[in-house]
Amino acid sequence: MNKGNVISVDNLLGIKDLTAADINLILDTAVGFKDILQRPIKKVPTLRDTTIVNLFYENSTRTKISFELAEKRLGADIVNFAASSSSLKKGETLIDTVQNILSMKVDMVVMRHSASGAPHFLSNHIDAAIVNAGDGTNEHPTQALLDSFSMREAQGNLKGKKVAIIGDISHSRVALSNIFCLKKLGAKVVVCGPPTLIPKHIQSLGVDVSYNVQETLEWCDIANVLRIQLERQDMPLFSSLREYALQFGIDKKMLDGLKKEITLMHPGPINRGVELSSDAADSAHSIILDQVQNGVAVRMAVLFLLAQKNKSLADSLA
Ligand code: CP
């Protein structure tokens, strides 16, 4: 485990803020934590003096459970906040909510919010370290880190690797965080989807654009397929899910027909029969459940490195 190094940021708000060295430090640290998770006793006391609140203002299955497990495996005390059963319903603001929670001596905040920039806004008002667990259509940094960790495990060093991100790029925080992460690690990135689901000027991020899924699959080593986010679309951006599935859906026959090794990924939740058929999602090409498993180790690494950074900062101020 790379305990000698210190991450450059005090909060994990986005991959945009990280250096390549930060990303490699997180991924290398996660390797050590993954080893610990294979042992009969999967806990270490690393964060036993740390209290973390999980503040989820938007639904989540994987990210919420993964952070909770990561925190418990590190021995932290944790508090779970669900917006649906909170005083938010009585009109309490985000800052008041968090200030009240922090007054109970909480050290770190893991936050998911439907508004892009919500964790950045909060970071200007509180001292506790913040980890962004997904903000609107902006970033989902720990998803990109676990994706890169899983890609590295499947295909080795990502420098020069060809990665395609296929699907609803416009509404995806996973796409943006993956693009930042992969470009910093030296991968070649193509985004693929219908023109209405690819932002104008996305090439300025150093990626190429394709509107042809078959050609994209032939080009890439790794295909990271994304969900159509109907809940974030104000107006129809394609004629029907059936037509989307016909033009951009991926099935096992397409993957087998490539006659090469290809790694298939998806951050979840999958719309089976839309962006991926069940036989593709469950095929030998797929590492989708490895991504979920790796999420715990990667989040342990993020929490550990931020706690270490903030402790060294506090020690230097004492
Ligand atoms: N990948 C992901 O963020 O899934 P959840 O929305 O279930 O957390």
Side-chain angles (χ1 to χ4, degrees), residues 12-16 26-27 30 52-73 78 80-84 109-119 130-151 153-154 163-182 191 193 222-233 250 263-272 274-276 280-282 286-303:
L12 179 58
L13 300 178
I15 301 290
K16 195 177 182 183
I26 295 168
L27 303 189
I52 303 176
V53 59
N54 297 310
L55 207 59
F56 277 68
Y57 283 84
E58 197 189 61
N59 293 346
S60 170
T61 298
R62 279 147 292 271
T63 312
K64 187 166 183 294
I65 292 174
S66 182
F67 268 111
E68 275 187 53
L69 273 176
E71 292 153 4
K72 286 179 175 167
R73 301 293 192 226
I78 69 169
N80 289 314
F81 169 92
S84 56
V109 177
V110 173
M111 182 186 189
R112 169 168 287 194
H113 204 288
S114 57
S116 299
I130 299 180
V131 183
N132 181 1
D135 65 317
T137 57
N138 180 40
E139 282 223 42
H140 191 347
T142 56
Q143 180 69 46
L145 290 164
L146 75 88
D147 286 348
S148 285
F149 183 93
S150 305
M151 289 180 203
E153 229 179 28
V163 182
I165 304 173
I166 302 170
D168 182 355
I169 310 298
S170 290
H171 300 93
S172 175
R173 54 197 177 206
V174 176
L176 191 58
S177 285
N178 259 273
I179 290 169
F180 288 139
C181 198
L182 290 165
V191 295
I222 299 163
N224 198 357
V225 182
L226 306 179
R227 179 173 71 89
I228 297 292
Q229 305 208 17
L230 291 174
E231 75 277 19
R232 296 194 204 278
Q233 295 177 18
I250 295 170
T263 300
L264 180 70
M265 303 176 65
H266 193 302
I270 305 170
N271 286 322
R272 286 177 182 257
V274 181
E275 67 268 11
L276 281 183
D282 302 332
S286 166
I287 60 162
I288 293 170
L289 291 179
D290 297 332
Q291 290 173 259
V292 179
Q293 188 186 72
N294 289 334
V296 179
V298 168
R299 290 180 172 115
M300 285 171 82
V302 166
L303 295 167

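In listed order, ligands and their atoms are each counted from 1. Just so you know, these numbers use all the heavy atoms, side chains as well, and skip hydrogens, waters and symmetry mates. This chain uses plain numbering: 1 for the first residue, then up along the sequence.
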Original post:
For F56, is the NZ or CZ atom of R112 found under 6.0 angstrom from the centre of its six-membered ring and inside 45 degrees of the ring axis?
Top reply: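 Pair R112/F56 does not count as cation-pi.
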Subject >> Side-chain donor or acceptor of E139 paired with backbone N/O of I15 under 3.5 Å >> reply: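 Side chain of E139 to backbone of I15, a donor-acceptor pair under 3.5 Å: yes, one is there.
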Subject >> Expected output: side-chain T263 to main-chain I222 donor-acceptor under 3.5 Å >> reply: no
**OP:** Would you give the length of the straight line joining atom CG of L69 to atom CD of Q293, rounded to the nearest 0.5 angstrom?
**Re:** 11.5 Å
Original post:
Counting heavy atoms not belonging to N59, are there more than 12 under 6.0 Å from its CG?
Top reply: no
Could you pull out the N/O contacts under 3.5 angstrom between ligand 1 and the surrounding protein atoms?
residue  : atom  : partner : partner atom : Å
ligand 1 : 1 (N) : Q143    : OE1          : 3.1
ligand 1 : 1 (N) : P267    : O            : 2.8
ligand 1 : 1 (N) : G268    : O            : 3.3
ligand 1 : 3 (O) : T63     : OG1          : 2.9
ligand 1 : 3 (O) : R112    : NH2          : 3.0
ligand 1 : 3 (O) : H140    : NE2          : 2.9
ligand 1 : 4 (O) : R62     : NE           : 3.0
ligand 1 : 6 (O) : R112    : NH1          : 2.9
ligand 1 : 7 (O) : T61     : N            : 2.8
ligand 1 : 7 (O) : R62     : N            : 3.0
ligand 1 : 7 (O) : R62     : NE           : 3.3
ligand 1 : 7 (O) : R62     : NH2          : 2.9
ligand 1 : 8 (O) : S60     : OG           : 2.6
ligand 1 : 8 (O) : T63     : N            : 2.9
ligand 1 : 8 (O) : T63     : OG1          : 2.6
ligand 1 : 8 (O) : R112    : NH1          : 3.4
ligand 1 : 8 (O) : R112    : NH2          : 3.4

Subject >> Pairing residues for N80 by the side chain to side chain donor-acceptor pair (under 3.5 Å) criterion, not counting sequence neighbours >> reply: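 Side chain to side chain donor-acceptor pair (under 3.5 Å) list for N80, sorted by chain: N54, E68.
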